[in-house]
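Working notes, structure below.
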Amino acid sequence: MRGVVVGALLSVSLGVSGALASDASTGAAALLSASCSGCHTGGDVDTSIPKLDGYSADQIRDLLTGFQTDDDVTLMNRIARGYTAEEIGIIAEYLGTKAE
Amino acid sequence: MTRSYALTRRRMLAASGASAAFAAAAPALLASETKARVVVVGGGFGGATFARFLRAADPTIEVTLIEQDRSYVACPFSNLVFAGMRELDDQTFTYQGVEASGVRVVTDRAIDVDAAGKVVRTESSGEFAYDRLLLAPGIDLNWGALPGYDEAATEQMPHAWKAGPQTALLKDQLEAMDDGGLVVIGAPDNPFRCPPGPYERASMIAHYLKVYKPKSKLLILDAKDKFSKQGLFQQGWDALYGDMIEWVGLSAGGQVVSVDAKSGTVNTDFDSYTPAVANIIPPQKAGVIAERAGVADASGWCPIDPISFESPLQPDIHVLGDASIANAMPKSAFSANAQAKVCAIQVARLLNGNEALATTLANTCYSIIGPDYGISIAGVFKPDGTMLKEVVGSGGVSPIDAPQQNRVLEAQYADDWFRIITHEVFG
């Protein structure tokens, strides 16, 4: 896995260094997290659906893991059950607010 | 001018004798001279999302969006227009936000694709060469599949399955109807755009009838024996509309087999109806440009690679959204948007010499049964061979025994979702 990622990054830097918005924005984590923003905006839309900005990676990981066995939510349990623990970790790291 | 981006890049690297270190030190040179051209046909939830996200993923790629209409009328939530809960204006979006993302928007109709020459031909704006093409044309009606239902018939018996004038026409017909009239909805067999759509529509029309024309009746004539979120819809209909809505499935003789628009007749194998209002939702297929490009198969829809959304029938053409055969993933706006974000990253990767990466996608579809009464279906999907398959143990519909508070919340979330996703798609 690690080797694949390094290889991908290398060929990105060979081909377009600086052209892609960032390596992270076209990597596995960006792909896995792409569906989330269909409901969870980080922008200025007024919404009762929780926004993702302001959550740390640990918080997102705990929330998604908890949803897998929580039947008191509307639908995030049905979504969270589709992801492995590893995938949840990758999504959490990608979407979580980075500590300064 | 249909040079290959990959070739160009290799040539540049060779000519400059570039090593990895040199390339990294000269981004401006490469960025300005190695532009790839991507053309997008169709400015809906799939195409507009793809165009914006591709620009975000790699600003050196030149993205042209060809869309025949100056504004887009969104289908999701357009059923609420019939209930008087929304205006058609609330469904309408311009392409200013898409242009502001650096996408060139061409208002014209794409009429042909030369897949070998890698060129899209338009009605009046000439030809557009591409390195990769994204087709997101949505649906077209499958004329001829339902005897008697042709373009002229849509003026008498609106389908309203593309939001806009057809939506307004159906609403006008409902408003012109006398109390006590019969409304028929003809629902098609799978696959079709928005599987829960006909039943949400029945709910929204019933809400209007209950308030303004309570002696009326709504009959759903269906070409299948079960439908999306069926238990939840029927529970909601019982609770909110009593016996106003009657559903007749395929094996009870519900399939509409022909219509006669002049006399206003809707025929099944066993009965003929002359309703006051007939909303005929006919069989569908991928938008016709898909056929012209050679990416539709005998079914009328477009097979895709489940990782890159590239057509197995034509190299360098990707298809997503309602036009594609995404297997377990339904034909919904949410699916199209999620697929588009994934496909934009994959196309950026491919144009930069990287492989597409298998990933996981999600879908959520809300339906409104009445004010403060929402339900949902969700799913998570992974590539498996040539298919997109639902992850075992995930997804499903709102629990049938959920507390009423969940229906209230899901109606609110549905409203929020529409504003969030349209903001993401159109800016």
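In what follows, chains carry the letters A, B, and so on, assigned in the order in which the sequence lines appear, proteins first and then strands, with residues in each chain numbered from 1. Keep in mind that this is a model prediction, so the values were computed, not measured.
- Panel note: side chain A/Arg78, backbone B/Gly396; a donor-acceptor pair is recorded below 3.5 Å.
- Contacts of B/Tyr366 with chain A are made by side-chain atoms alone, with heavy-atom separations under 4.5 Å and no backbone atom involved.
- Heavy-atom pairs under 4.5 Å with chain B were tallied for A/Ile49, A/Asp71, A/Thr41; the largest tally goes to A/Ile49.
- With a 4.5 angstrom heavy-atom cutoff, A/Asp46 touches chain B via backbone and side-chain atoms both.
- Of the residues considered (B/Leu361, B/Ile421, B/Thr360, B/Asn337), B/Thr360 shows the highest number of contacts with chain A, using heavy-atom pairs under 4.5 Å.
- Counting heavy-atom pairs under 4.5 Å between each of A/Ala34, A/Ala80, A/Ser33, A/Cys36 and chain B puts A/Ala34 at the top.
- In terms of heavy-atom pairs under 4.5 Å with chain A, the best-connected choice from B/Leu409, B/Asn406, B/Thr359, B/Thr49 is B/Thr359.
- Atom CZ of B/Phe381 sits about 9.5 Å away from atom OG of A/Ser35, to the nearest 0.5 Å.
- Taking chain A as the reference chain and counting heavy-atom pairs below 4.5 Å, the highest number among B/Ser376, B/Ala333, B/Ala338 is found for B/Ser376.
- There is no contact between B/Ala402 and chain A, counting heavy-atom distances below 4.5 Å.
- At least one side-chain heavy atom of A/Ile79 sits under 4.5 Å from a side-chain heavy atom of B/Thr364.
- Note that CD of B/Gln412 and OG1 of A/Thr74 are 11.5 Å apart. Values are rounded to the nearest 0.5 Å.
- Interface remark: of the candidates B/Phe418, B/Phe53, B/Tyr413, B/Tyr413 forms the most heavy-atom pairs closer than 4.5 Å to chain A.
- In terms of heavy atoms, B/Trp417 sits closest to A/Gly38 at CD1-O, 3.2 Å.
- Within 6.0 Å of CD on B/Glu355 lie no more than 12 heavy atoms contributed by other residues, nucleotides or ligands.
- A/Gln68 does not touch chain B: none of its heavy atoms, backbone or side chain, sits under 4.5 Å away.
- Here the closest non-hydrogen pair linking B/Ala348 and A/Thr26 is CB-CG2, 4.3 Å.
- No other option in A/Thr47, A/Val45, A/Leu31 has as many heavy-atom pairs under 4.5 Å with chain B as A/Leu31.
- With respect to chain A, the highest number of heavy-atom pairs below 4.5 Å among B/Asp415, B/Ile61, B/Asn363, B/Asp416 belongs to B/Asp416.
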